[in-house]
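For the numbers below, each heavy atom of this structure counts, side chains included, while hydrogens, waters and symmetry mates do not. Chain letters run A, B, ... following the sequence lines, proteins first and then strands; every chain starts at 1. Nothing here was measured: the structure is a model prediction, and the numbers come from that model.
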Number of protein chains: 2
Amino acid sequence: MTQELFARYSFLLDRTARKVKQYAQQQFKTGEFDVTVDQWLVLKNLSENELLSQTELAGLVFKDNPTLTRIIDLLCKKGYVDRVPHPQDRRSFQLHLTESGLAKVNELRPKILEIREKAWENLNERDFDEFKRILNTIYQNLDGQVIET
Amino acid sequence: MTQELFARYSFLLDRTARKVKQYAQQQFKTGEFDVTVDQWLVLKNLSENELLSQTELAGLVFKDNPTLTRIIDLLCKKGYVDRVPHPQDRRSFQLHLTESGLAKVNELRPKILEIREKAWENLNERDFDEFKRILNTIYQNLDGQVIET
DNA sequence: TGCATATATTTGTCACACTAACTATTGGTA
DNA sequence: TACCAATAGTTAGTGTGACAAATATATGCA
């Protein structure tokens with residue numbers, strides 16, 4: 001196999017992932033969304049799953065614990081999330097979206113879907129399926145674990 | 001279009017890009033390569049293009065100038081790169097790979113190609129072409145500029 | 001010549017990723 | 001019961017990424 005050529009995937013992948021994040025973040029900023037792209041991901045998952053612990057949430061969004069700790073810190077400071085002590089396990093918290101956090105999610109959700117669409121101009125549903133398949137295969141190749149879509 | 005579904009691409013893309021970088025970095029570490037993944041990218045490009053300015057190099061690797069400044073700082077500290085004052089333009093440097101830097105590139109290149117291969121298990125050349133095409137389309141959609149492969 | 005504007009690089013700030021080390025707590029088990 | 005391994009979360013250190021602002025130098029043009 002054309003090793004040199006294939007090795008470029010890592011460069012293209014990294015470059016595109018950064019562009020996608022940067023584009024979204026820019027839109028977030030001009031729209032004064034008051035959250036970052038990663039903070040949004042966390043908020044969104046919290047709105048779909050109440051009472052998660054930080055570790056559970058970290059698993060959902062595929063971030064490590066230290067990263068999640070800091071994102072939650074910021075979201076608490078902004079008043080979108082509360083850390084509620086777990087009733088049985090004093091090591092752990094149940095994450096709770098505040099009213100303000102829920103309002104934020106509902107406000108942003110449609111706007112963000114619109115932002116996300118821009119990437120798919122000139123691409124169709126088959127491209128999307130292919131893309132998803134390849135991304136997930138790469139992920140699995142390097143992770144050695146089974147993942148769901 | 002199934003907006004919600006399509007919007008997942010950003011998550012999958014980000015997750016996979018991080019996994020790819022993390023996997024490589026881990027291999028770099030156990031192999032005691034003495035550089036990070038991004039530092040490697042910079043070294044590699046320097047080995048293929050002598051006498052670049054920082055801005056030119058930044059364009060090649062798609063990093064912004066401040067980021068590149070810091071990466072070059074580290075590579076200088078490690079003795080792999082020198083900043084040579086530009087003979088005509090006193091604002092600018094010509095980046096020069098030291099002997100040690102060149103040796104490092106030659107030492108690492110084959111090892112890194114091997115590491116990069118792992119991602120492509122169960123995938124073929126057509127997948128690679130598709131992947132490249134989609135990544136580049138997304139990039140262009142969000143960038144508005146023409147890019148070469 | 002003399003100034004306005006553009007360019008190359010650096011610095012500062014905030015956010016995120018990954019690792020390692022650390023605290024507090026839990027739960028099983030000898 | 002006393003211990004010990006596992007778990008939840010945090011802190012610290014380093015590297016990277018984006019953006020804005022600062023500095024130094026170049027260049028074009030009146």
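Between Asp89(A) and Thr67(A), the one whose closest nucleotide on DNA chain C sits nearer the 5' end is Thr67(A). Looking at which nucleotide of DNA chain C each of Gln39(A) and Glu56(B) is closest to, the 5′-most match is held by Glu56(B). In terms of position along DNA chain D, the nucleotide closest to Arg83(A) lies nearer the 5' end than the nucleotide closest to the other residue of the pair Asp64(B) and Arg83(A). Nearest-nucleotide positions on DNA chain D for Arg18(A) and Gln94(A) put Gln94(A) closer to the 5' end.
In the model, Gln54(B) has a side-chain atom that pairs as donor or acceptor with a side-chain atom of Arg83(B) under 3.5 Å. In this model, no donor atom of one side chain and acceptor atom of the other lie less than 3.5 Å apart for Asn141(B) and Tyr23(A). Counting only N and O atoms by type, the side chains of Asn65(A) and Arg70(A) include no donor and acceptor under 3.5 Å apart.
Across the protein-nucleic acid pair, Gln22(A) atom CD and dA15(C) atom P stand 17 Å apart, rounded to whole Å. Separating the CZ atom of Arg70(B) from the P atom of dC19(D) is a distance of 14 Å, rounded to the nearest angstrom. Across the protein-nucleic acid pair, Phe93(B) atom CZ and dA24(D) atom P stand 13 Å apart, rounded to whole Å. Taking atom CD1 on Ile72(A) and atom P on dC16(C), their separation rounds to 11 Å, with Å as the unit. Taking atom NZ of residue Lys29(B) and atom C1' of nucleotide dG13(D), one finds them 12 Å apart after rounding to whole Å. The nearest whole Å value for the distance from the CZ atom in Phe62(A) to the P atom in dC16(C) is 19 Å. Put simply, CG on Asn65(A) is 14 Å from C1' on dT23(C), counting in whole angstrom units. We find that CD of Gln54(A) is positioned 17 Å from P of dA24(C), with the value rounded to whole Å.
Remark: the Arg91(A) side chain and the dT7(D) base include a donor-acceptor N/O pair separated by less than 3.5 Å.
Contacts of Ser92(B) with the nucleic acid, taken as non-hydrogen atoms under 4.0 Å apart, involve only primed sugar atoms and P, OP1 or OP2. Across all strands, Asp38(B) comes closer than 4.0 Å only to sugar-phosphate atoms, never to a base (heavy-atom distances). At a threshold of 4.0 angstrom between heavy atoms, the contacts of Leu68(A) with the nucleic acid are absent.
Of the listed nucleotides (dT16(D), dT26(C), dC16(C)), dT26(C) has the atom at the smallest distance from the side chain of Arg90(A). In this structure, the nucleotide among dC19(D), dG17(D), dA20(C) sitting nearest to the side chain of Pro66(A) is dA20(C). Here the nucleotide nearest the side chain of Gln26(B), chosen from dT16(D), dT10(C), dT19(C), is dT19(C).
Listed pair Thr55(A) / dT7(D) fails the phosphate criterion, with no side-chain N or O lying under 4.0 Å from OP1 or OP2. Residue Gln88(A) places none of its side-chain N or O atoms closer than 4.0 Å to OP1 or OP2 of dT25(C). Here Thr69(B) reaches the OP1 or OP2 of dT10(C): one of its side-chain N or O atoms lies under 4.0 Å away. Of the side-chain N and O atoms in Gln25(A), none sit less than 4.0 angstrom from OP1 or OP2 of dC16(C). For the OP1/OP2 pair of dT16(D) and a distance below 4.0 Å, the side-chain nitrogens and oxygens of Lys21(A) include no atom meeting the criterion.
Each of Lys21(A), Arg18(A), Lys19(A) was compared with Asp14(B) under the salt bridge (charged side-chain N to carboxylate O under 4.0 Å, His left out) criterion, and only Lys21(A) meets it.
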ring-ring contact (aromatic ring centres under 6.0 Å, His included) assessment of Phe28(B) paired with Trp40(B): CA-CA 10 Å; Phe28(B) 277 36; Trp40(B) 161 252; 7.1 Å; no
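Gln94(B) contributes no side-chain N or O that, together with a main-chain N or O of Ser53(B), makes up a donor-acceptor pair within less than 3.5 Å.
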